Amino acid sequence: MTGGARMTRVIVVDDQAVVREGLVLLLGLLPDIEVVGSAGDGEAALRLVEERRPDVVLMDLRMPRMDGVEATGRIRAGFPDTQVVVLTTYSDDESVFAALRAGARGFLTKDADADDIARAVATVKRGDAQLDPTVQRRLLDTMSAPTRQTPATTGTIPPPAIVRDGLPDGLTPREGEVLALIADGLSNTEIAGRLYISEATVKTHINNLFAKAGLRDRAQAVSYAFRHGVARPQ
(Lines give C-alpha, C1' and ligand atoms only; values in the text may rest on other atoms or scores of the structure.)
Protein backbone atom coordinates (compact mmCIF):
# COMPACT_ATOMS: atom_id res chain seq x y z
CA MET A 1 0.00 0.00 0.00
CA THR A 2 1.06 3.58 -0.60
CA GLY A 3 0.23 6.59 1.54
CA GLY A 4 -1.80 4.51 3.97
CA ALA A 5 -4.51 3.81 1.37
CA ARG A 6 -6.73 0.82 2.03
CA MET A 7 -6.16 -2.26 -0.09
CA THR A 8 -8.73 -2.82 -2.84
CA ARG A 9 -10.64 -5.99 -2.01
CA VAL A 10 -11.31 -8.15 -5.08
CA ILE A 11 -13.23 -11.35 -5.80
CA VAL A 12 -12.50 -13.42 -8.93
CA VAL A 13 -15.36 -15.28 -10.63
CA ASP A 14 -14.69 -17.76 -13.46
CA ASP A 15 -15.95 -21.28 -14.08
CA GLN A 16 -12.59 -22.49 -15.42
CA ALA A 17 -10.39 -23.42 -12.46
CA VAL A 18 -7.13 -22.82 -14.33
CA VAL A 19 -8.18 -19.32 -15.38
CA ARG A 20 -9.59 -18.51 -11.96
CA GLU A 21 -6.50 -19.66 -10.09
CA GLY A 22 -4.24 -17.87 -12.55
CA LEU A 23 -6.09 -14.60 -12.03
CA VAL A 24 -5.89 -15.02 -8.26
CA LEU A 25 -2.12 -15.50 -8.48
CA LEU A 26 -1.72 -12.57 -10.87
CA LEU A 27 -3.78 -10.20 -8.73
CA GLY A 28 -1.89 -11.29 -5.64
CA LEU A 29 1.27 -9.85 -7.18
CA LEU A 30 -0.26 -6.45 -7.83
CA PRO A 31 0.22 -3.64 -5.30
CA ASP A 32 -2.78 -2.35 -3.38
CA ILE A 33 -4.98 -5.34 -4.32
CA GLU A 34 -6.14 -8.03 -1.91
CA VAL A 35 -7.95 -11.06 -3.32
CA VAL A 36 -10.58 -11.97 -0.73
CA GLY A 37 -12.18 -14.90 -2.52
CA SER A 38 -12.93 -16.70 -5.78
CA ALA A 39 -15.97 -18.49 -7.18
CA GLY A 40 -16.84 -20.75 -10.09
CA ASP A 41 -20.35 -19.49 -10.87
CA GLY A 42 -22.71 -16.59 -10.25
CA GLU A 43 -24.53 -18.18 -7.32
CA ALA A 44 -21.29 -18.73 -5.42
CA ALA A 45 -20.19 -15.21 -6.33
CA LEU A 46 -23.33 -13.72 -4.76
CA ARG A 47 -22.72 -15.61 -1.53
CA LEU A 48 -19.10 -14.43 -1.44
CA VAL A 49 -20.03 -10.82 -2.11
CA GLU A 50 -22.52 -10.89 0.75
CA GLU A 51 -19.94 -12.43 3.06
CA ARG A 52 -16.77 -10.53 2.06
CA ARG A 53 -18.15 -7.22 0.72
CA PRO A 54 -15.42 -6.66 -1.88
CA ASP A 55 -14.76 -3.39 -3.64
CA VAL A 56 -14.56 -5.01 -7.08
CA VAL A 57 -15.63 -8.30 -8.65
CA LEU A 58 -13.83 -9.62 -11.74
CA MET A 59 -16.67 -11.45 -13.48
CA ASP A 60 -16.73 -14.04 -16.25
CA LEU A 61 -19.89 -14.14 -18.38
CA ARG A 62 -20.43 -17.71 -19.56
CA MET A 63 -20.92 -19.84 -16.44
CA PRO A 64 -23.26 -22.62 -15.27
CA ARG A 65 -26.22 -22.19 -12.89
CA MET A 66 -26.09 -18.38 -12.98
CA ASP A 67 -24.25 -16.51 -15.71
CA GLY A 68 -22.19 -13.38 -15.24
CA VAL A 69 -24.82 -11.00 -16.56
CA GLU A 70 -27.46 -12.10 -14.06
CA ALA A 71 -24.91 -12.20 -11.23
CA THR A 72 -23.76 -8.70 -12.12
CA GLY A 73 -27.30 -7.37 -12.01
CA ARG A 74 -27.97 -8.95 -8.62
CA ILE A 75 -24.69 -7.73 -7.16
CA ARG A 76 -25.27 -4.18 -8.31
CA ALA A 77 -28.85 -4.24 -6.99
CA GLY A 78 -28.00 -5.73 -3.62
CA PHE A 79 -24.51 -4.35 -3.02
CA PRO A 80 -24.19 -0.97 -4.76
CA ASP A 81 -20.77 -0.30 -3.24
CA THR A 82 -19.34 -3.30 -5.10
CA GLN A 83 -18.31 -2.59 -8.69
CA VAL A 84 -18.06 -5.22 -11.42
CA VAL A 85 -15.44 -5.61 -14.14
CA VAL A 86 -16.35 -8.19 -16.76
CA LEU A 87 -13.36 -10.25 -17.88
CA THR A 88 -14.33 -12.59 -20.69
CA THR A 89 -13.20 -14.33 -23.84
CA TYR A 90 -16.21 -12.95 -25.68
CA SER A 91 -16.54 -9.39 -26.92
CA ASP A 92 -19.66 -9.80 -29.08
CA ASP A 93 -22.29 -7.08 -29.01
CA GLU A 94 -24.80 -9.06 -26.99
CA SER A 95 -22.31 -9.73 -24.21
CA VAL A 96 -21.18 -6.11 -24.15
CA PHE A 97 -24.63 -4.55 -23.95
CA ALA A 98 -26.09 -7.15 -21.61
CA ALA A 99 -23.22 -6.72 -19.13
CA LEU A 100 -23.37 -2.94 -19.26
CA ARG A 101 -27.16 -2.94 -18.84
CA ALA A 102 -26.72 -5.16 -15.80
CA GLY A 103 -24.46 -2.56 -14.21
CA ALA A 104 -20.90 -3.57 -15.06
CA ARG A 105 -18.54 -0.60 -14.98
CA GLY A 106 -15.63 -2.30 -16.72
CA PHE A 107 -15.26 -4.71 -19.61
CA LEU A 108 -11.99 -6.44 -20.50
CA THR A 109 -11.21 -9.36 -22.76
CA LYS A 110 -9.07 -12.16 -21.34
CA ASP A 111 -6.02 -11.12 -23.33
CA ALA A 112 -5.75 -8.10 -21.00
CA ASP A 113 -2.43 -7.93 -19.15
CA ALA A 114 -1.77 -7.21 -15.47
CA ASP A 115 -1.55 -3.45 -16.04
CA ASP A 116 -4.91 -3.43 -17.85
CA ILE A 117 -6.58 -5.31 -15.00
CA ALA A 118 -5.00 -3.16 -12.29
CA ARG A 119 -6.06 -0.01 -14.13
CA ALA A 120 -9.62 -1.27 -14.55
CA VAL A 121 -9.91 -2.24 -10.89
CA ALA A 122 -8.66 1.17 -9.75
CA THR A 123 -10.87 3.01 -12.22
CA VAL A 124 -14.15 1.31 -11.33
CA LYS A 125 -13.40 1.57 -7.62
CA ARG A 126 -13.36 5.36 -8.13
CA GLY A 127 -16.79 5.09 -9.75
CA ASP A 128 -15.57 5.61 -13.32
CA ALA A 129 -15.86 3.24 -16.28
CA GLN A 130 -13.05 1.27 -17.93
CA LEU A 131 -13.74 -0.41 -21.27
CA ASP A 132 -11.47 -2.44 -23.51
CA PRO A 133 -10.66 -0.45 -26.70
CA THR A 134 -12.47 -3.10 -28.77
CA VAL A 135 -15.57 -2.65 -26.66
CA GLN A 136 -15.34 1.13 -26.94
CA ARG A 137 -15.23 0.84 -30.73
CA ARG A 138 -18.31 -1.40 -30.73
CA LEU A 139 -20.22 1.06 -28.58
CA LEU A 140 -19.22 3.99 -30.77
CA ASP A 141 -20.11 2.07 -33.93
CA THR A 142 -23.55 1.28 -32.50
CA MET A 143 -24.17 4.84 -31.34
CA SER A 144 -23.10 6.31 -34.67
CA ALA A 145 -25.03 3.80 -36.80
CA PRO A 146 -28.29 4.96 -38.40
CA THR A 147 -31.19 4.58 -36.00
CA ARG A 148 -33.09 1.36 -36.58
CA GLN A 149 -36.77 2.00 -37.13
CA THR A 150 -39.85 -0.16 -36.87
CA PRO A 151 -43.32 0.75 -38.16
CA ALA A 152 -44.17 2.00 -34.69
CA THR A 153 -41.14 4.27 -34.28
CA THR A 154 -40.41 7.78 -35.49
CA GLY A 155 -36.64 7.89 -35.52
CA THR A 156 -35.85 6.94 -31.93
CA ILE A 157 -35.47 3.58 -30.22
CA PRO A 158 -37.94 3.34 -27.31
CA PRO A 159 -36.96 1.57 -24.12
CA PRO A 160 -37.72 -2.16 -23.83
CA ALA A 161 -41.13 -3.14 -22.55
CA ILE A 162 -41.41 -3.29 -18.78
CA VAL A 163 -39.99 -6.43 -17.19
CA ARG A 164 -40.86 -6.87 -13.53
CA ASP A 165 -38.83 -8.54 -10.81
CA GLY A 166 -39.46 -12.17 -9.88
CA LEU A 167 -39.57 -13.71 -13.36
CA PRO A 168 -41.59 -16.95 -13.43
CA ASP A 169 -40.41 -20.46 -14.36
CA GLY A 170 -36.73 -19.64 -14.08
CA LEU A 171 -36.67 -17.18 -16.97
CA THR A 172 -33.45 -15.19 -17.23
CA PRO A 173 -33.57 -11.36 -17.40
CA ARG A 174 -32.81 -11.48 -21.14
CA GLU A 175 -35.56 -14.05 -21.75
CA GLY A 176 -37.90 -11.77 -19.81
CA GLU A 177 -36.97 -8.86 -22.07
CA VAL A 178 -37.63 -10.95 -25.18
CA LEU A 179 -40.96 -12.15 -23.79
CA ALA A 180 -42.02 -8.59 -22.95
CA LEU A 181 -41.20 -7.45 -26.47
CA ILE A 182 -43.18 -10.36 -27.95
CA ALA A 183 -46.10 -9.21 -25.83
CA ASP A 184 -45.53 -5.70 -27.19
CA GLY A 185 -46.11 -7.06 -30.70
CA LEU A 186 -42.55 -6.97 -32.03
CA SER A 187 -41.27 -9.44 -34.61
CA ASN A 188 -37.99 -11.35 -34.21
CA THR A 189 -36.29 -8.82 -36.50
CA GLU A 190 -37.59 -5.89 -34.44
CA ILE A 191 -36.59 -7.57 -31.17
CA ALA A 192 -33.08 -8.12 -32.53
CA GLY A 193 -32.84 -4.44 -33.44
CA ARG A 194 -34.18 -3.28 -30.10
CA LEU A 195 -31.79 -5.43 -28.04
CA TYR A 196 -28.78 -5.21 -30.39
CA ILE A 197 -28.57 -8.97 -30.85
CA SER A 198 -28.85 -11.28 -33.86
CA GLU A 199 -32.10 -12.86 -35.00
CA ALA A 200 -30.56 -16.27 -34.35
CA THR A 201 -29.98 -15.26 -30.73
CA VAL A 202 -33.57 -14.03 -30.47
CA LYS A 203 -34.80 -17.41 -31.73
CA THR A 204 -32.62 -19.18 -29.16
CA HIS A 205 -34.07 -17.07 -26.33
CA ILE A 206 -37.60 -17.72 -27.60
CA ASN A 207 -37.02 -21.48 -27.79
CA ASN A 208 -35.62 -21.45 -24.26
CA LEU A 209 -38.43 -19.42 -22.73
CA PHE A 210 -41.09 -21.45 -24.57
CA ALA A 211 -39.57 -24.66 -23.17
CA LYS A 212 -39.37 -23.28 -19.62
CA ALA A 213 -42.90 -21.87 -19.64
CA GLY A 214 -44.51 -24.72 -21.61
CA LEU A 215 -45.64 -22.42 -24.43
CA ARG A 216 -46.52 -23.53 -27.98
CA ASP A 217 -46.76 -20.25 -29.86
CA ARG A 218 -46.56 -16.46 -29.63
CA ALA A 219 -50.24 -16.11 -28.79
CA GLN A 220 -49.72 -18.21 -25.67
CA ALA A 221 -46.58 -16.20 -24.93
CA VAL A 222 -48.50 -12.92 -24.99
CA SER A 223 -51.13 -14.28 -22.60
CA TYR A 224 -48.43 -15.72 -20.34
CA ALA A 225 -46.51 -12.41 -20.25
CA PHE A 226 -49.53 -10.40 -19.11
CA ARG A 227 -50.73 -13.10 -16.71
CA HIS A 228 -47.39 -13.17 -14.92
CA GLY A 229 -46.78 -9.43 -14.97
CA VAL A 230 -43.78 -9.64 -17.31
CA ALA A 231 -45.49 -7.01 -19.47
CA ARG A 232 -48.50 -4.81 -18.99
CA PRO A 233 -50.95 -2.98 -21.26
CA GLN A 234 -49.55 0.31 -22.57
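Treat the numbers as computed from the prediction; the structure is a model and nothing was measured. Side-chain atoms are counted along with the backbone in the values below, which use heavy atoms only and exclude waters and symmetry mates.
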If the condition is salt bridge (Lys or Arg N to Asp or Glu O under 4.0 Å), which residues does [X] pass it with, not counting sequence neighbours?
{"X": "D128", "value": "R126"}
{"X": "R65", "value": "D41"}
{"X": "R119", "value": "D116"}

Can you name the closest pair of heavy atoms from [X] and [Y] and give their distance?
{"X": "V230", "Y": "G176", "result": "CG1-O, 3.6 Å"}
{"X": "D81", "Y": "R76", "result": "N-NH1, 4.4 Å"}
{"X": "Y224", "Y": "P168", "result": "OH-CG, 3.2 Å"}
{"X": "A45", "Y": "A39", "result": "N-CB, 3.7 Å"}
{"X": "P64", "Y": "G40", "result": "CD-O, 4.3 Å"}

(request) Go through the steps to decide whether L167 and T172 satisfy the test side chain to side chain contact (heavy atoms under 4.5 Å, CB included), and finish with yes or no. (result) CA-CA 7 Å; L167 290 169; T172 66; over 6 Å; no
Under 3.5 Å, which donor-acceptor pairs do the side chains of residues 210-221 form with other protein atoms, sequence neighbours left out?
from : atom 1 : to   : atom 2 : distance (Å)
K212 : NZ     : G170 : O      : 3.1
K212 : NZ     : E175 : OE1    : 2.9
K212 : NZ     : E175 : OE2    : 3.4
D217 : OD1    : A219 : N      : 3.2
D217 : OD1    : Q220 : N      : 2.8
R218 : NH1    : N188 : OD1    : 2.8
R218 : NH2    : L186 : O      : 2.8
Q220 : OE1    : R216 : N      : 2.7

(request) Decide, yes or no, whether a salt bridge links E70 with R74 under the criterion of side-chain N to carboxylate O below 4.0 Å. (result)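 Counted as a salt bridge, because a side-chain N and a carboxylate O are separated by less than 4.0 Å.
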Separation between [atom1] of [X] and [atom2] of [Y], rounded to the nearest 0.5 Å:
{"X": "E177", "Y": "R194", "atom1": "CD", "atom2": "CZ", "value": "10.5 Å"}
{"X": "K203", "Y": "N207", "atom1": "NZ", "atom2": "CG", "value": "9.0 Å"}
{"X": "D67", "Y": "D60", "atom1": "CG", "atom2": "CG", "value": "9.5 Å"}
{"X": "L87", "Y": "M59", "atom1": "CG", "atom2": "CE", "value": "11.5 Å"}
{"X": "K125", "Y": "D32", "atom1": "NZ", "atom2": "CG", "value": "8.0 Å"}

Residue list, side-chain hydrogen bond (donor to acceptor under 3.5 Å, both in side chains) with [X], at least two apart or on another chain:
{"X": "T123", "value": "Q130"}
{"X": "T72", "value": "none"}
{"X": "R9", "value": "none"}

I want to check something: taking the side chain as every heavy atom from C-beta on, are [X] and [Y] in contact at a cut-off of under 4.5 Å?
{"X": "L23", "Y": "S38", "answer": "no"}
{"X": "H205", "Y": "I191", "answer": "no"}
{"X": "R174", "Y": "L195", "answer": "yes"}
{"X": "F107", "Y": "L61", "answer": "yes"}

For the side-chain contact (heavy atoms from CB on, under 4.5 Å) test, which of [options] pairs with [X]?
{"X": "P54", "options": "V35, V49, V10", "answer": "V49"}
{"X": "T8", "options": "V124, L27, V56", "answer": "V56"}
{"X": "L58", "options": "V85, I11, V84", "answer": "V85"}

Distance-only criterion, 3.5 Å: show the donor-acceptor pairs between side-chain atoms of residues 12-22 and protein atoms not counting sequence neighbours.
from : atom 1 : to   : atom 2 : distance (Å)
D14  : OD1    : Q16  : N      : 2.9
D14  : OD2    : K110 : NZ     : 2.7
R20  : NH1    : D14  : O      : 2.5

(request) Identify, with sequence neighbours excluded, every residue that meets side chain to side chain contact (heavy atoms under 4.5 Å, CB included) alongside A114. (result)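 L26, L30.
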(request) Return the set of residues passing side chain to side chain contact (heavy atoms under 4.5 Å, CB included) with T204 (not counting sequence neighbours), or none when no residue passes. (result)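 Only N208 meet the side chain to side chain contact (heavy atoms under 4.5 Å, CB included) criterion with T204.
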(request) Provide the full list of salt bridge (Lys or Arg N to Asp or Glu O under 4.0 Å) pairs with a residue in residues 42-53, sequence neighbours left out, each pair given once. (result)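 Salt bridge (Lys or Arg N to Asp or Glu O under 4.0 Å) check on residues 42-53 returns no pairs.
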(request) Report the C-alpha distance between D55 and R6 in whole Å, list the side-chain angles of each, state the deciding distance to 0.1 Å, and finish with yes or no for side chain to side chain contact (heavy atoms under 4.5 Å, CB included). (result) CA-CA 11 Å; D55 300 300; R6 185 175 71 87; 2.7 Å; yes
